[in-house]
Amino acid sequence: MAEFQPLVFSGVQPTGNLHLGNYLGAIRKFVALQAEHDCIYCVVDLHAITAQLVHDDMRSQTRSIAAAFIASGIDPKEHIVFNQSAVPQHAELAWIFNCVARIGWMERMTQFKDKAGGKNAEQVSLGLLAYPSLMAADILVYRATHVPVGDDQKQHLELARDIAQKFNIDFMEHIRREGSGVDIMVGDEPVHAYFPMVEPLIGGPAPRVMSLRDGTKKMSKSDASDLSRINLLDDADTVSKKVRKAKTDPDALPSETDGLKGRPEAENLVGIYAALSDKTKEDVLREFGGQQFSVFKPALVELAVHVLSPISEEMRRLLDDTTHLDAILRDGGERARARAEKTMDQVRDIVGFLR
Ligand code: TRP
């Protein structure tokens with residue numbers, strides 16, 4: 001039984017500032033995966049226009065995500081970093097997937113329902129409905145096998161599997177005839193597949209970083225209060241101010257993780273400390289159990305600045321020289337395009353377009 005070559009793909013939208021939640025929840029994982037896998041990391045600008053068509057600053061937002069990737073340790077020479085619109089094959093495959101996927105699949109997506117529910121239907125674009133189909137195309141145009149994402153993307157990845165599976169089944173004879181398929185097992189069924197069943201890679205050092213103002217809400221770029229998040233470009237003074245002002249409760253830290261139950265803000269700050277120092281929450285509480293926040297917060301500031309300031313400095317350096325940064329993205333785009341074209345060349349034959 002053959003197998004698909006392992007390949008990691010993930011995407012981040014160029015909207016809003018990247019914050020600590022994005023860094024700990026996603027980018028750090030992207031960085032770690034490079035050691036063992038071939039990786040493609042994409043700034044998904046085509047997705048950014050699904051929610052809002054006109055952006056004043058899409059170019060600078062795109063550069064800023066790319067700079068964050070590189071400053072965090074993604075190697076754009078060894079791996080690939082590029083922006084989605086530079087590879088038109090994503091949109092081409094998405095169109096075919098629009099004809100594979102069923103409207104009901106799209107309408108069932110919770111993210112779509114949240115944004116388009118009720119009378120909003122006239123307000124949201126057709127692109128927003130088709131968003132998951134483009135996301136499936138992003139991944140499958142490279143026949144990527146592993147996708148690191150936050151848990152909010154799980155449903156979109158299941159849909160990517162549904163699309164891959166329907167394509168594989170509907171075109172099974174064509175795939176055999178063209179000779180471009182791979183024999184894989186799906187569950188305990190042997191299948192002759194053109195597209196792999198993508199595996200989500202969910203979790204990581206801190207899958208959920210919460211708001212500094214409300215430990216029950218996720219840290220988010222759309223929160224009205226900038227004090228709720230630590231942005232990757234915040235300077236040391238700002239990081240320090242935000243941590244000092246972070247909401248807490250009056251009690252000392254517990255010595256065991258059980259004692260964090262019902263204390264979401266304490267749990268969040270301990271989780272952030274643990275993730276930033278590559279320790280477990282247990283380790284952190286062994287060190288700080290019994291201490292007041294007046295002791296823990298300065299330690300957290302010191303750690304956060306230690307980890308984040310080299311990244312923000314490197315980001316600023318990269319963003320100061322857009323010629324260099326754009327050249328990196330252009331090179332990534334060229335290499336991505338060559339790989340995507342290989343797939344599309346076969347897909348056009350499988351679907352049966354006249355060549
Ligand atoms: N939907 C993802 C998000 O909002 C972004 C994304 C687009 C993506 N295409 C992708 C993630 C492909 C992983 C793989 O986070």
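Indexing begins at 1, ligand by ligand and atom by atom, following the structure's order. Keep in mind it's a predicted model, so treat the numbers as computed, not measured.
- By the 3.5 Å distance cut-off applied to N or O atoms, S10 is not counted among the residues near ligand 1.
- In the vicinity of V44, heavy-atom distances shorter than 4.0 Å reach the ligand 1 atoms 7 (C), 9 (N).
- When the side chains of ILVMFWY residues are joined at heavy-atom separations under 4.5 Å, either directly or via intervening members, I202 and F9 end up in a single hydrophobic cluster.
- Within the 4.0 Å heavy-atom criterion, the part of V149 lying near ligand 1 is the side chain and not the backbone.
- Heavy-atom proximity to F9, at under 4.0 Å, picks out these atoms of ligand 1: 12 (C), 14 (C).
- When each atom of ligand 1 is checked for a heavy atom of Y131 under 4.0 Å away, the hits are 1 (N), 2 (C), 3 (C), 4 (O), 5 (C).
- A salt bridge does not link R317 with D320: none of the charged nitrogens is closer than 4.0 Å to a carboxylate oxygen.
- Nearest to atom 5 (C) of ligand 1 among the protein's heavy atoms is G11 O, 3.5 Å.
- Here R316 does not pair with E313 in a salt bridge; the nearest charged N to carboxylate O distance is not below 4.0 Å.
- The salt bridge (Lys or Arg N to Asp or Glu O under 4.0 Å) test with D223 singles out one residue from R229, K217, K218, R213, and that residue is K217.
- Taking only nitrogen or oxygen atoms, main chain and side chain alike, H156 does not reach within less than 3.5 Å of ligand 1.
- At a 4.0 Å heavy-atom cut-off, ligand 1 does not touch L134 at all.
- With ligand atoms numbered from 1 in the order given, ligand 1 contributes 7 (C), 9 (N) to contacts under 4.0 Å with heavy atoms of H47.
- Nearest protein heavy-atom contact of atom 2 (C) of ligand 1 is Q153 OE1, 3.3 Å.
- Note on ring orientation: taking the six-membered ring where Trp is involved, the planes of F288 and Y273 are perpendicular (angle over 60°, cut-offs 30° and 60°).
- For K241 and D234, the salt-bridge test fails: no basic side-chain N is under 4.0 Å from an acidic carboxylate O.
- Closest protein heavy atom to atom 10 (C) of ligand 1: M135 CG, 3.5 Å.
- Using a 30° and 60° split on the angle between ring planes, H146 and H37 fall in the tilted class, from 30° to 60°.
- Among protein heavy atoms, atom 9 (N) of ligand 1 sits closest to D138 OD2, 2.7 Å.
- Taking the six-membered ring for Trp and thresholds of 30 and 60 degrees, Y131 and H47 have ring planes inclined between 30 and 60 degrees apart.
- By the 30° and 60° cut-offs, the orientation of the rings of F296 relative to F293 is perpendicular.
- Near V147, meaning under 4.0 Å from one of its heavy atoms, ligand 1 places the atoms 13 (C), 14 (C).
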